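Nothing here was measured: the structure is a model prediction, and the numbers come from that model. To find a chain, count down the sequence lines: A is the first, B the second, and so on, and within it residues start at 1.
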Amino acid sequence: MAIIKVQKGTKDILPAEMPVWHFMEEKANEVFTKYGAKEIRTPIFEATELFARGVGDTTDIVNKEMYTFEKSERSLTLRPENTAGVVRAFIENGMHRLSAPVKLWYKGPMFRYERPQAGRQRQFHQVGVEVFGIKQATADAEVILMAVNYLKALGLNDLSVELNSLGCPECREVFKTKLKEVIKPYLNELCPDCQARYEKNPLRLLDCKVEECKEIYAKPEIQAIIQSDFICEECASHFNELQGYLNALNINYSINKLLVRGLDYYNRTVFEIKSNNLGSQNAVCGGGRYDSLVRNLGGEDTPAIGFAMGMERLAALIGNKKDKKTVAFVVSNSPLEAIKLTEELRAKGITAEFDLTNKKFVKQLEKASKVAEFAVILGEDEIAAGKATVKNLATSEQKTIARNDLVEYLK
RNA sequence: GCGCCUGUCGUCAAGUGGUUAAGACCUCGGAUUGUGGUUCCGAUAUGCAUGGGUUCGAAUCCCAUCAGGCGCCCCA
C-alpha cells in the first residue's frame, strides 16, 4: 500500500530538532517578558475578510497565497500572518481600554500557498511582537530593541538591521506621483513585472532584480527622486528621533531607501533584519509601524508597531542543539524491582528509564550506555541490602550506595 | 505561476545498457550465565519515486506523472 506522505511544503519537526525549538520558545518568553509583553494565542483560522481588509487585497499574500475554504457558508482562511489576527483580538476584547502601551507577543504556525524552497514552507512558524497605543518613536525603538535582543539571546550576531521610513499616506502619495512621472518615459523598456508594479505598487519598482530595469533606475534624474527626502517634516522628525535612540544604544543599522515591505498596512518606520548565511530567503525578521490598521478593521484609532520572525530560518541559523540524556537507567533482572525504583526516581524529579523488554544484563547495560548518564544497577544483593550500584557511564566509576542517598547522588 | 537540477534500504551512498544491486552508519540477534561504550560474527532492497515506452536485455536511454532542491516572483 502506498504510504501517505507529508504535504508539499510542510515538515515534521522531529524529536532531534526539538531542543532548538524549545530554546527559541523559552528565549522568546524570557526576552519579551522583560519588555512587559504578554503572550497571546489567536485561532489558526479567521474570516477571510480579515486578511483581505487587514493585510491588503493588492498583496500577493492575499491574492494568491491563502488557504481559503468554505464551511457553513462562511469563508475561512488559514492565517498567512498573525498581525491581522492579533489586531482583531485587540479590538474585539476592548484592549484599547487597557492602559497603553499594550504589548503582545505570539508564536505559532502560519500558512501560505507558495512554491517551497530553502527557508520557505507552506506551513511555517513565526514569533512576533505587536505594540499598540504609542505613536512616539520610543515605541519604534523599543520594538527594534526587542527584535535585536531576542536575536542576541539566541546567539545570532552576524545580522544586519535595515531601516527606512515610508512616510505617512499623504507624503508617500506625493513621492509615488513624482516617481511615476520620472519613470514614465522609460515605461516601455521595463520588464513586464515592473510594468505591472508601476500601477499597482510603484515603491516596489525599486528593488527589481532585472539588469535593464536597474540601469534605468540608476539614471541621475530617477536617483535624484529616490534619494530625496520625500517624507514630510513630521515623519522626518519621527524618523530622526528613532535614529537618535538607536544611535544612543549602539544598535548597528543601515538606512535602505529601497526597503519597501509587501504588506499594505505599513506607514513610517519599516525594518528588516537579514542574514548572509541563508541563501536567497535571507530575511529573518520583518516589521514596521501600522498606525491605521486598527481603525481600518473597525477599532478605535490606535497607532501600532510590530515585527515577525520566521522560526525555521532562525532554527537554520542556530544549528543543532544536543538533547539531554536520561539521567538514570535502571538495570535489573527483576522488572518489578526496576519499575518500582524507576518510578521512585521519577517521583523525586529524576528522568529515569528501565528496560521494558527484560533483556539480559549485558544488553540492558548496553542500552543504558546509549541513552543515559548513569546506570543504576539493582541486583539481588543490592535489593536484599536496600542499596543500588550507580555507575557513571562516561567515566566508568561506580559506587554502591543506600537507596535513600540515590537521589542526592544523581542530582 | 515560470526556469534549471535531482530522485537507489531508516540515513549517507557505489553503480552510467549485460550474471545473485557494492559499502558505511543506524536497528535487531549472537560471541558474552551481573558490568556497557572497543572488537568479531550474523540479519535486514525479488528492489532502484510511480506509470508507460525503446531494447534480446533497463537502476542505467526516452516520455509522462509525482516528490525534492535551487533560482525568479513574493515574503518570515
B:U65 pairs with which nucleotide, Watson-Crick or G-U wobble, both distances below 3.5 Å? B:A49
B:U20 -> Watson-Crick or G-U wobble partner, both distances under 3.5 Å, gives none
Taken to the nearest whole Å, NZ/A:K5 to P/B:G10 is 12 Å
Out of B:G36, B:G34, B:G1, which has the shortest distance to the side chain of A:R115? B:G1
Integer-rounded Å distance: B:U32 C1' and A:K363 NZ: 9 Å
Which of these nucleotides, B:C70, B:G34, B:G37, is closest to any side-chain atom of A:A118? B:C70
Could you work out the separation of B:A58 and B:G52 based on their P atoms and round it to a whole Å? 14 Å
Please tell me which of the listed nucleotides, B:C74, B:U35, B:C70, lies nearest to the side chain of A:Q117? B:C70
On a whole-Å scale, what distance lies between the C1' atoms belonging to B:G47 and B:C5? 25 Å
Can you tell which of B:G36, B:C74, B:G68 lies closest to the side chain of A:S369? B:G36
Heavy-atom distance under 4.5 Å between the side chains of A:K180 and A:T177, does that happen here? no
For B:C74 and B:U8, measure between their P atoms and round to the nearest Å. 34 Å
Side chain of A:I61, heavy atoms from C-beta onward: which of B:C75, B:G34, B:G36 has the nearest atom to it? B:C75
Nearest-Å distance once atom P is located in both B:A14 and B:A24: 15 Å
Side chains of A:N296 and A:Y265, donor plus acceptor under 3.5 Å: no
Which part of the nucleic acid does A:G119 contact within heavy-atom distance under 4.0 Å: base, sugar-phosphate only, or nothing? base
Within this structure, what is the CZ-to-P distance between A:R120 and B:C70, rounded to whole angstrom? 11 Å
By the 4.0 Å heavy-atom rule, please label A:A394 as base, sugar-phosphate, or nothing. base
Inspect the surroundings of NZ in A:K399 and state if more than 12 heavy atoms from other residues, nucleotides or ligands are less than 6.0 Å away. no
Is A:K367 side chain donor-acceptor paired with the B:G36 base, going by distance under 3.5 Å alone? no
Say you pick atom C1' in B:A21 and the same atom in B:U46; how far apart are they, in whole Å? 11 Å
Just by distance, with hydrogens left out, do A:T326 and A:T351 show a side-chain donor and acceptor under 3.5 Å apart? no
How close do A:T68 and A:S75 get, counting heavy atoms only, and between which atoms? CG2-OG, 3.4 Å
Out of B:A67, B:G69, B:G34, minimum distance to the side chain of A:K8 belongs to B:A67
Starting the side chain at C-beta, find the nucleotide from B:U35, B:C73, B:G69 nearest to A:F361. B:U35
Want to settle it: does A:P116 or A:I273 sit nearer the 5' end of RNA chain B, counting the closest nucleotide to each? A:P116
Contact class for A:G287 vs. all strands (heavy atom < 4.0 Å): base, sugar-phosphate, or nothing? nothing
Starting at NZ of A:K360 and ending at P of B:A31, how long is that distance when rounded to a whole Å? 4 Å
With a 3.5 angstrom cut-off on both distances, give the Watson-Crick or G-U wobble partner of B:U33, or none if there isn't one. none
Quick check for you: among B:C73, B:G69, B:C75, whose closest atom lies nearest to any side-chain atom of A:K11? B:G69
Look through every strand shown and name the nucleotide pairing with B:A43 as Watson-Crick or G-U wobble, where both distances are under 3.5 Å. B:U27
Aromatic A:Y113 / basic A:R122 pairing, under 6.0 angstrom, 45° off normal: yes
CG of A:D301: more than 12 outside heavy atoms within 6.0 angstrom? yes
A:V284 side chain near A:L314 side chain, heavy-atom distance below 4.5 Å: yes
Distance between the P atoms of B:C25 and B:C62, in whole angstroms? 35 Å
Using a heavy-atom cut-off of under 4.0 Å over every strand shown, decide if A:Q398 touches base, sugar-phosphate, or nothing. base
Assign each of A:T10 and A:A308 to its nearest nucleotide of RNA chain B by heavy atoms, then name whichever residue's nucleotide is nearer the 5' end. A:T10
Using the P atom as the point on both nucleotides, what is the distance between B:A22 and B:C4, in whole Å? 36 Å
Could you tell me which nucleotide pairs with B:C2 by Watson-Crick or G-U wobble geometry, both distances under 3.5 Å, or answer none if nothing does? B:G71
On a heavy-atom basis, which atom in A:Y290 and which in A:N267 lie closest, and how many Å separate them? CA-OD1, 3.4 Å
Roughly, in whole Å, what's the span from CG in A:N358 to C1' in B:G34? 14 Å
Length of the line joining A:I377:CD1 and B:G37:P, which is rounded to integer Å: 14 Å
Gap between atoms CD and P, on A:E397 and B:U35 respectively (whole Å): 19 Å
Gap between atoms CD and P, on A:E366 and B:G30 respectively (whole Å): 10 Å
Is the base of B:G1 touched by the side chain of A:E114 through a donor-acceptor pair closer than 3.5 angstrom? no
Categorize A:G286 for me: base, sugar-phosphate, or nothing, with a 4.0 angstrom heavy-atom threshold over every strand shown. sugar-phosphate
B:U11 to B:C48 separation - P atoms, rounded to the nearest Å: 16 Å
Side-chain-base donor-acceptor pair under 3.5 Å for A:R313 and B:C75: yes
Per the O4'-C1'-N9-C4 / O4'-C1'-N1-C2 angle with a 90° window around 0, B:G68 comes out anti
Does a distance-only test, which skips hydrogens and angles, find a donor-acceptor pair under 3.5 Å between the side chain of A:S396 and the base of B:G37? yes
Per A:T389 side chain, nearest of listed nucleotides B:A31, B:U35, B:G68: B:U35
